[in-house]
Structures are given as structure tokens and as C-alpha cells.
Amino acid sequence: MTEYVKLVIGEETYKLPVIEGSEGEKAIDILKLRQKTGYITFDPGYANTGSCKSAITFMNGERGILRYRGIPIEVLAEESSFREVAYLLVNGVLPTQKEINRFSVLLNDHSLVHEDMRTFFENFPRMSHPMGILSSMVNALRSFYPYLHQDAEEEINITVTRLLSKIRTMAAMSYKMSRGHKVVYPRPDLSYCANFLNMMFDTPVRPYEIDKEVVRALSVFWVLHADHEQNASAATVRNVGSARTNLYACISAGVSTLWGPLHGGANQAVIEMLDAVVKNDISAKHLVEKAKDKNDPFRLAGFGHRIYKTYDPRARIMKQMCDAVLEKFQTSDPLLDVAKELEEFALQDDYFVSHHLYPNVDFYSGIVLRAIGIPTNMFTVMFAIGRLPGWIAQWKESMEDPNLRISRPRQVYIGPKETEYIPVGEREMNIDK
Ligand code: CMC
């Protein structure tokens, strides 16, 4: 039986249907609200707005739960690999052995980047941020690999595999180019993660030694980033896609959104913040006080989340990984000590407690990346490679939705009412004489 809520406006009562998700989350269906009442809803930042029905990722921010296609993130981080998780997200089910083998063959087949694209890389100014380069290059893929106009499903599958495979080649290429080093090509004998590390770090004078534990750490890092339901970049991918824009352009827009310091750019911001703490000997107390000061725009990078009002489950795994990776290299990182001290201090502070501000995935991720040799300006690119399967899955799901309409929010207009046009010669000067 359909549940309804009643909305009373003046003398009129309207019945609005309630829809319920598989985990019991309820939403008031306002599809006919404006048509019936003349009213719209007002929800800047969309904190109370469900923009779609989705079967990809489940999050419960109060209980710190994250599941991809129903499987808990802790299990996937422990048992699975990034390649398998990418398949799971995009196709909806875990692959059989045969399917994963086929997927690996396709990822290998599509791993090269068109040689003409190298000219683009070469012509970016040396100081360009890798996220700007990545976003441009992903968009440029559309010109190099236009749709085939064959069987639509096959066409989509090829485009998806092409993107998943080429993104790591392009990321590694941009790093090599930025250093003025020779580009390293993908190798057919290496796994997805090992291949990326080799393309990043192999040089003619120092061959890169692939270490199983480092490969594993990278795989877990990417598994943790693979999807996060309707976050800003995924919502952007869906938004752009709603205009039926091609997939490359949708993903390029997702990369641009992720770049922001409130989203994926936070992993770079955290390391820069921790670095400044170490260099300038700033105390945890000072930093926390600064973050609480409403007259100061500073926020503690890597803390807080729109959905999680408890510890981010990804941050818990990432923190453990920091210790494991540093132990493997038998080294320490002063930034990890500062991060742990900062966390301890913040979690005892009344403001942080009452605002439910906990470390998010970005708080410890940079320390893992530093340990495996990734330079700071590539951190958000690492996030982007990890998030790609999620963006693709979100895009695919929206395209398969028979009720998909172009995204077009409304607004509450607060500008001038109808105003007279004054010819230029009759306008008064607005500036002080
Ligand atoms: N430091 C200090 N205060 C904070 C912080 C922080 N990191 N985050 C939120 N607050 C306060 C904020 O000032 C506000 O206080 P009040 O209600 O007294 O005005 C309250 O907490 C709610 O903040 P909000 O900005 O309304 O929350 P939001 O859901 O719009 O923003 C956020 C979420 C992640 C953008 C925000 O917590 C933030 O800016 N964090 C730092 C950047 C960061 O780490 N981003 C990575 C997010 S996780 C990975 C990803 O999604 O990419």
C-alpha cells in the first residue's frame, strides 16, 4: 500500500506519495508538486534532495556504512582488487573467472594512447596542474575515438574499457612529461595497478622493481575511492549526461569537479596543511582553534563530510594502511605523527564533537601515496583514477533509466522586477565624481 504525507498550504491539503529504498530510506515524491500546488522546494547544496534511484552504492552516514552493490567496503578492501571492483560497479555483479580474464585482456588491448595525443601533453605549460591536464585529455579522447555507431551496447562497453584503461596511461604520461622524462608504455604482462606504477616510476637508468605489497596498497587505495553515490563529481557526471552529452565529456566534467579542495582536492590540501604544521611548528591546538574561528575561512582539510556523521569507514582502513605501508618501507613519516595528534585533539574538542566532524578518506590517504612515491600534485589524479568506475556506473545507470530527463533545477528569483531599458546616453554615472 502506498504511503503518503500530507502537505497543507492555506486551505488546501495535498497528498504526496512516499517512496522507500531497499534499506528503508524514505523520500517524499514531489514530482507533481509544482504542477499541483504552484510551489517548488528550496534546497541549496541538495542536502535533502534525492536526485535519482540508484542500485550502485549504499551509504549510512550515521552508522558509518559503505557498500558497493551490497558488499561492505571492508570486505572488498580485504578480499577484492581494484580491477574486480571496477567490473562490479560498472556491470552490477562480481565477474566469473572467465569474465575477469576477458576484462583483463580488453584493459590491456586498450591501454595505449594515440601517439598524436602526445603533442597535447608536450604543449601544456610545465607548471600545469595534472588535474587540468587530465580533464582536458579525457575530453580530447572523444576526438580520437569517436563513437563507432555500431551496436550501442558494444560501443558503450568499448568506450568504458577504453576510459578505464587509458586514464592510468594518460595520468602516468602527464607525470613523465612534467618531469621531462621519457614516457613508459604499458606492459601486457603486468596487472592494472602494477602497470600504472611501472609507467610512473620506471626509468632507463633505474628499472622499477615491482613490489607486491605496494601494488596491493595501491589497489586498496583505489578500491576505497571507487564510488560514493551522489557526491559532487558523480552528480556532475549524471547532470552532464542528462543532456545526452558523450561519456568522455561527462567524465571530464567529473574530473574538474573532483579537483576542488572541498572534494578530491582535499587529499593534496591535507598534505600541504600537515607539511606547514611540521615546517612552522604549529600546534594541534592552534590549528583546531583556527578551524573553529568563524571569521577565518580556514577549515581542517580532511575533516567533515556531508553524509558521514561518524568515522568515515574508508578513513579507518586508510589509517591502518599508513602504518602498514610505512612499516613495509621500515620508515616513518613525521606527517603521520602530526595527523594522528591532530585527529586525537580534534576528536576531543567540543566543536568537532557537536558538529560530528571526523577524519574523512582524504585525511590519511596522502600519507599512503607519499610512501609509495606519488608526488603531491598527482594526489587528486590518483583519486580520479579510483573514482572512474563509479562515475561510469552512475552514468550508465542514468542512461538505462527510462524516466531520465534533462537535469534542470529551478530557482527562487530575487533580482529586479521588470525594469525599463535606458539608452546609454541617458544613463547616470554610477561612480563617485
Ligand atoms: N573544519 C572546521 N569546521 C568544519 C569543517 C572542517 N573541516 N567541516 C565542516 N565544518 C563546520 C562548518 O563550519 C559548519 O559549521 P556551522 O554549522 O557552525 O556553521 C558545519 O561544520 C557544517 O559544515 P558544512 O560546510 O555545512 O557541511 P557540508 O556538508 O556542506 O560540507 C565538507 C562538507 C566536506 C565540504 C566540509 O566538511 C569541508 O569543507 N571539509 C574540509 C574539506 C574536505 O576534507 N573535503 C573532503 C571531503 S571527503 C572526500 C570527498 O568527498 O571528496
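Atom set for the values below is all heavy atoms of this structure, side chains included, hydrogens, waters and symmetry mates excluded. Counting convention: from 1, in listed order, for ligands and their atoms alike.
Across the listed options H356, R299, H355, R299 owns the non-hydrogen atom lying nearest to atom 12 (C) of ligand 1. Closest heavy-atom approach to atom 15 (O) of ligand 1 among the candidates K294, R387, H225: K294. Summarising the contacts of atom 5 (C) of ligand 1 with I307, L357, V361, the nearest heavy atom is found in L357.
Checked against a 6.0 Å centroid threshold, the rings of F363 and F303 count as neighbours. Taking the six-membered ring for Trp, W222 and F196 have ring centres closer than 6.0 Å. In summary, the aromatic rings of H228 and H305 are positioned with their centroids under 6.0 Å apart. The ring of Y192 has its center no closer than 6.0 angstrom to the ring center of F103.
In terms of N/O distances under 3.5 Å, ligand 1 is approached by L262. The shortest N or O to N or O distance between L300 and ligand 1 is below 3.5 Å. Residue contacts with ligand 1: H263 is placed with a nitrogen or oxygen under 3.5 Å of a nitrogen or oxygen of the ligand (distance criterion only).
Close approach to G302 involves these atoms of ligand 1, each under 4.0 Å from a residue heavy atom: 43 (C), 44 (O).
Under a 4.0 Å heavy-atom criterion, G45 is not in contact with ligand 1. Residue contacts with ligand 1 include Y351, since one of its heavy atoms falls under 4.0 Å from the ligand.
Applying the salt bridge (Lys or Arg N to Asp or Glu O under 4.0 Å) test between D312 and each of K309, R316, R314 identifies R314 as the sole match.
The proximity of F363 to ligand 1, defined as any non-hydrogen pair under 4.0 Å, does not occur for either the backbone or the side chain.
Counting protein heavy atoms under 4.0 angstrom from atom 37 (O) of ligand 1 gives one or more.
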Quiz item: What's the verdict on side chain to side chain contact (heavy atoms under 4.5 Å, CB included) for L342 and F345, showing C-alpha distance, side-chain angles and the deciding distance?
Solution: CA-CA 5 Å; L342 201 54; F345 197 87; 5.5 Å; no
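In terms of protein heavy-atom proximity, atom 40 (N) of ligand 1 is closest to F303 O, 2.9 Å.
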